[in-house]
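Reviewing the structure listed below.
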Amino acid sequence: MPSALPLGLPAPEDGVLPPSAAEGASDRAFCLYVHIPFCAVRCGYCDFNTYTATELGGGASQDAYAGSVLAELALGAQALEASGVPSRPLSTVFFGGGTPTLLPAEDLAAILRAARDQWSLAPDAEVTTEANPDSVTPESLRVLRDAGFTRISFGMQSAVPHVLAVLDRTHSPERVPQAVQWAREAGLKVSLDLIYGTPGESLEDWRTSLTTALSYGPDHISAYALIIEDGTKLASRIRRGQVPPIDDDDHADKYALADELLTAGGLQWYEVSNWARTPADACQHNLAYWRGSDWWGAGPGAHSHVGGTRWWNVKHPRPYADALAAGRSPAAGREVLSDEDRYVEDVMLRVRLREGLATDTLTTSGRRAVAGLIADGLVEPAAAFAGRVVLTFRGRLLADAVVRRLLPD
């Protein structure tokens with residue numbers, strides 16, 4: 001089952017935020033995340049807040065889900081206005097999950113229309129949905145594009161059948177190019193998600209996945225190291241010795257290969273795990289997270305952040321729907337970040353970006369640590385002297401090592 005929600009302070013039933021949330025809001029982008037918690041099957045590695053029909057049980061209707069999200073969007077607009085947060089057009093909208101495209105395309109379009117009605121969309125707003133390659137049709141993609149979607153992110157994960165089998169992915173590799181072609185014909189930008197480090201995946205398997213993904217000509221590729229989460233089916237299989245454990249050195253080799261091949265294929269990295277064909281093709285929604293913008297997260301288990309106040313919704317679709325039907329916020333708890341909390345998060349997120357972290361935002365001890373990072377080859381000297389911390393070697397483990405040395409003890 002999905003991991004537990006964090007502890008926090010009680011959240012008010014009307015969703016109103018503390019006065020600090022409104023401070024400086026006009027200078028920050030505002031985004032929307034919509035969580036669609038439904039999946040046809042649960043993948044063996046997945047720890048996300050998602051549910052199959054069997055796991056949902058009675059009282060939680062996939063058919064009625066869009067109506068619950070519409071109710072939360074209306075509540076959100078009212079709560080922000082009551083909190084004194086100025087109305088801002090949405091810079092980005094992102095439908096994630098789960099598999100958002102398990103809902104009818106018309107439902108996703110209705111949610112986007114409601115978001116536009118509540119807050120409006122910026123003229124150049126990026127609107128993305130995640131999808132499995134086997135959950136779309138040419139018709140559904142045209143409905144999404146006509147509704148205002150601009151981008152689709154397909155969960156390709158691998159081009160190698162035995163790797164997909166370990167991950168419990170249900171699509172065949174042959175379906176991916178077909179789905180990409182349909183999305184192109186509908187006028188959508190295309191991103192592909194890949195996972196490396198699956199037990200039993202060789203370096204040549206990973207090379208095959210990378211070269212195959214590049215052959216489809218995507219605008220964007222995300223490549224994530226597989227993390228084994230406690231309580232997942234894959235974690236149990238590793239514990240029982242049915243598949244080998246993951247290996248950090250294997251991850252490092254595969255990351256280096258990804259950076260080499262993706263760069264040679266015309267994509268440039270802009271965040272540790274993300275490459276885009278042009279700066280305009282970078283995922284603007286994720287950049288908003290990494291830069292500390294504001295966003296409302298709608299849906300069960302979704303997290304939100306406005307001006308240093310963060311809150312999260314109840315996890316299960318049934319109590320989520322019940323709260324909204326009763327006119328209450330579905331928030332399960334919230335926290336107001338301290339200045340130190342916000343500094344730590346800013347360092348953790350911005351150091352992962354190609355644009356880097358401004359050194360003048362670091363503490364005195366953090367600025368002193370930069371010299372040691374240069375000496376160890378983890379930071380580009382020219383970038384550091386120009387006033388930013390930029391990683392020389394990308395990759396999750398090295399980014400984590402840099403962060404630990406920049407933060408106070």
Side-chain angles (χ1 to χ4, degrees), residues 5-35 49 66-96 111-123 125-127 284-315 319-346 349:
L5 289 171
L7 300 175
L9 301 171
E13 292 188 351
D14 60 5
V16 172
L17 305 176
S20 59
E23 296 174 4
S26 297
D27 299 324
R28 297 190 300 270
F30 181 50
C31 308
L32 174 66
Y33 171 75
V34 181
H35 187 65
N49 186 45
S68 296
V69 174
L70 298 187
E72 186 179 1
L73 298 185
L75 181 146
Q78 294 168 6
L80 291 175
E81 182 178 7
S83 304
V85 177
S87 181
R88 295 160 289 172
L90 292 166
S91 300
T92 68
V93 182
F94 194 100
F95 289 69
I111 294 170
L112 181 58
R113 282 196 301 272
R116 185 185 291 111
D117 291 344
Q118 296 294 348
W119 291 296
S120 79
L121 292 180
E126 174 194 87
V127 182
Q284 301 304 311
H285 186 83
N286 284 342
L287 282 170
Y289 290 154
W290 296 319
R291 291 169 175 164
S293 299
D294 291 348
W295 72 90
W296 190 283
H303 285 56
S304 303
H305 170 265
V306 176
T309 297
R310 182 163 51 213
W311 66 99
W312 44 90
N313 287 345
V314 294
K315 290 181 60 175
Y320 168 79
D322 289 346
L324 289 162
R328 304 191 310 271
S329 165
R334 78 180 187 189
E335 61 182 342
V336 179
L337 303 177
S338 66
D339 289 343
E340 182 178 354
D341 292 334
R342 298 179 77 170
Y343 171 77
V344 168
E345 292 193 1
D346 194 49
L349 295 173

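- Here the shortest heavy-atom pairing between Ser20 and Thr309 reads OG-OG1, 4.3 Å.
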Which side-chain N or O atoms in residues 76-84 pair as donor and acceptor under 3.5 Å with protein atoms at least two apart or in another chain?
residue	atom	partner	partner atom	Å
Ser83	OG	Leu17	N	2.8
Ser83	OG	Ala79	O	2.6

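- Here the shortest heavy-atom pairing between Pro12 and Arg334 reads CD-NH1, 3.5 Å.
- Between Arg28 and Glu23, none of the side-chain N atoms (NZ, or NE/NH1/NH2) sits under 4.0 Å from a carboxylate O, so this pair counts as no salt bridge.
- Between Trp295 and Thr92 the shortest side-chain heavy-atom distance does not fall below 4.5 Å.
- Inter-residue side-chain proximity for Ser120 and Leu90 is flagged as unmet; no heavy-atom pair is nearer than 4.5 Å.
- Inter-residue side-chain proximity for Val93 and Cys31 is flagged as unmet; no heavy-atom pair is nearer than 4.5 Å.
- A salt bridge between Asp294 and Arg88 is present, with a side-chain N of the basic residue lying under 4.0 Å from a carboxylate O of the acidic one.
- Considering all non-hydrogen atoms of both residues, Ala21 and Val306 come closest at CB-O, 3.5 Å.
- Sorted by first and then second residue, the salt bridge (charged side-chain N to carboxylate O under 4.0 Å, His left out) pairs with a member in residues 67-76 form an empty list; sequence neighbours excluded.
- Using cut-offs of 30° and 60° for the angle between ring planes, the Phe30 and Trp119 rings count as perpendicular.
- Distance check, rounded to the nearest 0.5 Å: CG of Leu287 to OG of Ser91 gives 11.5 Å.
- His305 contributes no side-chain N or O that, together with a main-chain N or O of Trp296, makes up a donor-acceptor pair within less than 3.5 Å.
- A 4.5 Å side-chain heavy-atom check between Arg310 and Glu345 finds at least one atom pair inside the cut-off.
- Summarising the geometry of Pro319 relative to Val314, their closest heavy-atom pair is C-CG2, 4.0 Å, with the distance given to 0.1 Å.
- Val34 is not listed as a side-chain neighbour of Leu112, based on a closest heavy-atom distance of 4.5 Å or more.
- Checking side-chain atoms of Ser304 against main-chain N and O of Gly297 turns up a donor-acceptor pair under 3.5 Å.
- Under the 3.5 Å distance criterion, the side-chain polar atoms of Glu126 are matched with a main-chain donor or acceptor of His285.
- The side-chain heavy atoms of Tyr289 and Tyr33, taken from C-beta on, include a pair separated by under 4.5 Å.
- Of all non-hydrogen atoms in Ala29 and Ser293, the two that sit nearest each other are O-CB, 3.6 Å.
- Looking at Leu75 and Asp14, their side chains never come closer than 4.5 Å, going by heavy atoms from C-beta outward.
- Note that CD of Gln118 and CG of Leu70 are 9.0 Å apart. Values are rounded to the nearest 0.5 Å.
- Asp346 places no side-chain N or O within 3.5 Å of a backbone atom of Tyr343 that could act as its donor or acceptor partner.
- When all heavy atoms of Ala298 and Tyr320 are compared, the closest pair comes out as C-OH, 4.3 Å.
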Apply side chain to side chain contact (heavy atoms under 4.5 Å, CB included) to the pair Ile111 and Phe95, showing each step before the final yes or no.
-> CA-CA 10 Å; Ile111 294 170; Phe95 289 69; 3.7 Å; yes
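- In this structure, Pro330 and Leu324 have side chains that are in contact, with non-hydrogen atoms separated by less than 4.5 Å.
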